[in-house]
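What follows is a set of notes on a single structure, which appears directly below.
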Amino acid sequence: MVEIQLDGQKVEVLEGSTVMHAAEKAGTYIPHFCYHKKLSIAANCRMCLVDVEKAPKPMPACATPVTQGMIVHTKSEKAIKAQKGVMEFLLINHPLDCPICDQGGECQLQDLAVGYGSSGSRYEEEKRVVFHKDVGPLISMEEMSRCIHCTRCVRFGQEVAGVMELGMSNRGEHAEIETFVGMSVDSELSGNMIDICPVGALTSKPFRYSARTWELSRRKSVSPHDSTGANLIVQVKNNRVMRVVPLENEDVNECWIADRDRFSYEALNSDERLTTPMLKQGGQWKAVDWQTALEYVANGLKQIKADHGADSVGTLASPHSTLEELFLAASLMRGLGSDNIDYRLRHAEFSPSPAVRWLGTSIASLSNLQRVLVVGSNLRKDHPLFAQRIRQSVRKGCALSAINSEAELTSAGAWAMPVAHAVLAEPGAWAQALADVAAAIAADKGMAAPAAGQATDAAKAVAKSLQGGERKAILLGNAAAHHANAASLLGLANWIGEQTGASVGYLTEAANTVGAQLAGAFPAGNGLDAGQMLAGKLKAVILLNNEPEFDSATGASARAALGGAHMVVTLSPFKANMDFSDVLLPIAPFTETPGTFVNAEGRLQSFHAVVKPLGETRPAWKVLRVLANLLGLSGFDFESAQDVLRQIPGADGAMVPAQRLGNATQAAVKLAAAGAAPVVASIYQLDSLVRRATSLQLTADARQAAHEEGATA
C-alpha cells in the first residue's frame, strides 16, 4: 500500500494506482472526460489536471501514478486555473446547441462548464464543422462537431465490445472519430457508446428528439431477454416508455447492457400490440370483453377435459415469462389434472433433471477465469454480456477453448476475442469431440475414460489447457442445451469438470430459464413434453407469451400441428398466432406487470410495472388467477404478484438455495450422431419483443439472419 496526502487528507491505495483512484477512494471528485473506470487510461482530455507538489506543472490525475508521501491538491489555485484553461480550449469549437441537444441535462461538458467555464469567449474565429456520419440504425452521429476527442467510444470498442469499429483519423483540428471507409457500427453492445460519450456527439437514433431528459421519470427494471438479468433504468413520459439505459450492478451487468436490452422497448409502442381480448368466430376476429373471453376459455377447457380427459390439455410457456406467471400456469394445469406443461420449446431432448440447471458459477467470476471451455454456443451473439466478461478474462491471460461448428468459430469476428484452442465439429459430433478431450485427460491421468474417444491433437490441446490454471469453467451454450444428445454432452462435461477442477454449467437461453425450472413449468411423470405437444397431441393448448413458429424447434410446422387442436388460447402482448388460435388474451409485457426473473446464476430479481397496462391489457398472473377461479380450482386466491412469489419453493431469498441447483445427470453417454442441428434463435429473433423492435430489425445481425433464413427456406 502507498500513502499519499490528497487535499490535506491521508489516503492509502494499492501500489500502481493513480491519483484519480486515490481521489475516488477519498470521495473527492476531480473533473474529467476521457477517464472511465472500465476503460484504459488515455489522458487526452487533460481536464483532470491537479497540483502535485514538487512537480513543475499540473499533472493529469488519471495518468499520474501515486508515490509514497506524494502531496496532491485538487482545488488549489494552480489546479483550478489549469482546469479552466482546458475547459476554454474544449469550448473553442463546441457548438452552442444545448437547447436542441439530446444530451442536454445529462451532459458532462455542460455540467463542468458551469464550474470551470467563463461567461464569454476570447475566440472570434469560425467554429470547426464536422460532417455527420451514418453508422447504422442505433447510433446517431449527426452532430460530430460536438466531439471533444475523449476516445471513450474507441476504447470501448477495442476493450469491451472487442471490435474496433470507431477510430480517430487525421490530426489537430482535422481529427475526427469515424468508422473505416463508411462502415456501420454493428457490435451487439454498441449502445453503450451512447452512455459513455460525455457530450452529445453519440446519441440514440430511435430516441432522437423525442423527449428532454428532465421530462422523463426513471424506474428500475430487469431485462426480459437473455439470462444475464441485466439491471435497467426504464425512462417514461406520459405513460410511455421512451428510453432504456443501464442500472449499474457489478455482480450482474456492471454498467453495460446489450443493444437488445436497450432498444427492444420500441416493440412496446408498436402497432402490433394486442389491446383487447379477441375471439375468432366464423373465421373472423372479434373484440370482446374480458368476462366473455375468459368464460369462453374456461367452458372450452371444461368441455374438452370432459370429452377427452385432462391429458388432452396442455400449456407451452415461454421462459421469458415471469416466475409468477410460470408458477401459476403450472399450477393451473395440475389443478385441471394435467401434467402437460413445458418451457423447453427449442429443445430436442427432454431427459429429466433432478435439480435446477444453472450456470455452475457466479456471473462475476466469468471476468476472472484462467481457463474456460465453451461448447455449442455463438457466445458473442447468444450472451453478449457474458461474452464481454469472458473477453476481460482473455485480456488478462485466460486460455479460451471451444467446441463448435466451423461456421460459428471461423466467421469474421466470430467471438471478438482470440480462441486459444478449438475443436471444429458439426453438432452431431460434439459428444465425440468431448469424449476425445476426456480420453486425452484420462490418458494423462492413467485412468479409464468415460466413453470411447481418440486423443487427437486438438483434443490434447484442450485437455492440457483445462488441466492448467486454477479458476476454470466449462460452459454449455444454447445449442448444447437444445441438442438431441444434450444429456451426453452434460455427462461428458461433468466428467471433465471433475477431473480438472472446473465448474460445469449452462449459459441458459432466456431471462427465466432457471426460474421456469424453479416454478415447475415442465412435465413430471407421464406429462407430455414440448416436443410431443408441438407434434399435435393435444386437443386444447394454452400458449403463454410465445409464438411456436418462431420460438420452438418445430418452426413453421407448428402452425399445422396446433391448428388441429379443438381450442388454442394465446396469451400475448401482441397480435400473435392469429392463423391457428381461437382466443387472444392481451397480457402485459415486463414494463406493465410486476414479476421476478431468475438469471443464470440463480439470482432472483423482482421488479415493478413502470407504466400502466396499454388498453385492456392485464398482467398474465391476474389472467391465470381469474381463469383458475372460473374453472373452480382451489388455491388461487392471490392478491398480488408478491403473494404468488411467496408460494414458490426456493423463491424466498435473493438467490435460489444451493441445494436446489445442480447440473448432475445420470443419463448414459451416447456418442452416435443424433437428430438435426439444434435450433437456436439469432440475436434479434430471441423473443416476441426483439422481433418487433424496428431499429433492431434494421441492424446487420438481423438482416444477416433474415438472409440466412431465406436461403434455407
Side-chain angles (χ1 to χ4, degrees), residues 2 4-7 11 13-68 70-76 78-94 107-109 111-113 115-117 128 144 146-161 164 166-178 192-193 195-199 201-202 255 392 395-396:
V2 175
I4 71 168
Q5 190 179 107
L6 186 79
D7 293 338
V11 184
V13 290
L14 291 172
E15 188 175 354
S17 299
T18 66
V19 172
M20 185 69 82
H21 296 140
E24 287 177 343
K25 185 172 182 180
T28 298
Y29 178 73
I30 298 176
H32 61 272
F33 293 113
C34 68
Y35 171 77
H36 190 282
K37 63 182 179 181
K38 295 291 184 179
L39 304 176
S40 62
I41 302 298
N44 52 10
C45 80
R46 317 308 280 184
M47 191 65 210
C48 64
L49 291 175
V50 293
D51 180 8
V52 179
E53 287 194 7
K54 298 182 181 179
K57 59 182 180 180
M59 304 292 288
C62 67
T64 302
V66 295
T67 57
Q68 184 65 36
M70 175 186 279
I71 300 175
V72 181
H73 304 284
T74 68
K75 297 177 177 62
S76 67
K78 184 178 179 181
I80 297 295
K81 183 179 179 181
Q83 292 161 1
K84 286 187 174 182
V86 171
M87 177 59 71
E88 185 176 18
F89 275 113
L90 290 174
L91 294 178
I92 290 173
N93 279 311
H94 197 80
C107 172
Q108 282 181 257
L109 183 64
D111 292 342
L112 292 177
Y116 299 91
R128 169 178 182 261
M144 290 306 292
R146 300 170 183 164
C147 179
I148 61 171
H149 304 154
C150 69
T151 68
R152 279 185 178 182
C153 56
V154 178
R155 285 175 285 144
F156 172 84
Q158 287 178 297
E159 299 164 15
V160 180
M164 186 178 174
L166 293 177
M168 184 181 290
S169 62
N170 305 316
R171 301 189 67 179
E173 68 171 335
H174 301 293
E176 294 185 28
I177 298 291
E178 57 185 339
N192 293 291
M193 295 179 185
D195 294 333
I196 63 175
C197 179
V199 294
L202 303 180
C255 56
Q392 303 315 309
R395 285 170 58 85
K396 298 171 189 173

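Hydrogens, waters and symmetry mates are skipped; everything else that's a heavy atom, side chains included, is used.
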**Asked** Under the criterion side-chain contact (heavy atoms from CB on, under 4.5 Å), which of Glu176, His174, His94 is the partner of Arg128?
**Response** Glu176

**Asked** Do Asp51 and Pro58 come within less than 4.5 Å of each other through their side chains, counting heavy atoms only?
**Response** no

**Request:** Only counting residues at least two apart or in another chain, list the ones meeting side-chain contact (heavy atoms from CB on, under 4.5 Å) with Asn44.
**Result:** Cys34, Ala42, Thr151

**Asked** Is it true that atom NZ of Lys81 has more than 12 heavy atoms of other residues, nucleotides or ligands lying nearer than 6.0 Å?
**Response** no

**Request:** Could you check if a side-chain atom of Asp7 sits within less than 4.5 angstrom of a side-chain atom of Thr28, using non-hydrogen atoms only?
**Result:** yes

**Complete:** Sequence neighbours excluded, the answer for side-chain contact (heavy atoms from CB on, under 4.5 Å) partners of Lys38 is His36, Glu250, Glu254, Cys255, Trp256

**Message:** Between His73 and Val50, is there a side-chain heavy-atom distance shorter than 4.5 Å?
**Reply:** no

**Message:** One pair to check against side-chain contact (heavy atoms from CB on, under 4.5 Å): Leu112 and Leu90. What are the steps and the verdict?
**Reply:** CA-CA 11 Å; Leu112 292 177; Leu90 290 174; over 6 Å; no

**Prompt:** Where do Tyr116 and Gln83 come nearest, in terms of heavy atoms and distance?
**Reply:** CE2-OE1, 3.0 Å

**Request:** For the residue pair His32 and Tyr35, categorise the inter-ring angle as parallel (less than 30°), tilted (30 to 60°) or perpendicular (more than 60°).
**Result:** perpendicular

**Message:** Is the shortest side-chain heavy-atom distance between Met144 and Leu202 below 4.5 Å?
**Reply:** yes

**Asked** With a 4.5 Å limit on heavy-atom distance, are the side chains of Leu6 and Thr74 in contact?
**Response** yes

**Request:** Give a yes or no on this: more than 12 heavy atoms of other residues, nucleotides or ligands lie within 6.0 Å of atom CD of Glu15.
**Result:** no

**Prompt:** Is there a side-chain contact between Ile148 and Pro198 (heavy atoms, below 4.5 Å)?
**Reply:** yes

**Asked** Looking at side-chain heavy atoms only, is the closest gap between Thr64 and Val72 below 4.5 Å?
**Response** no

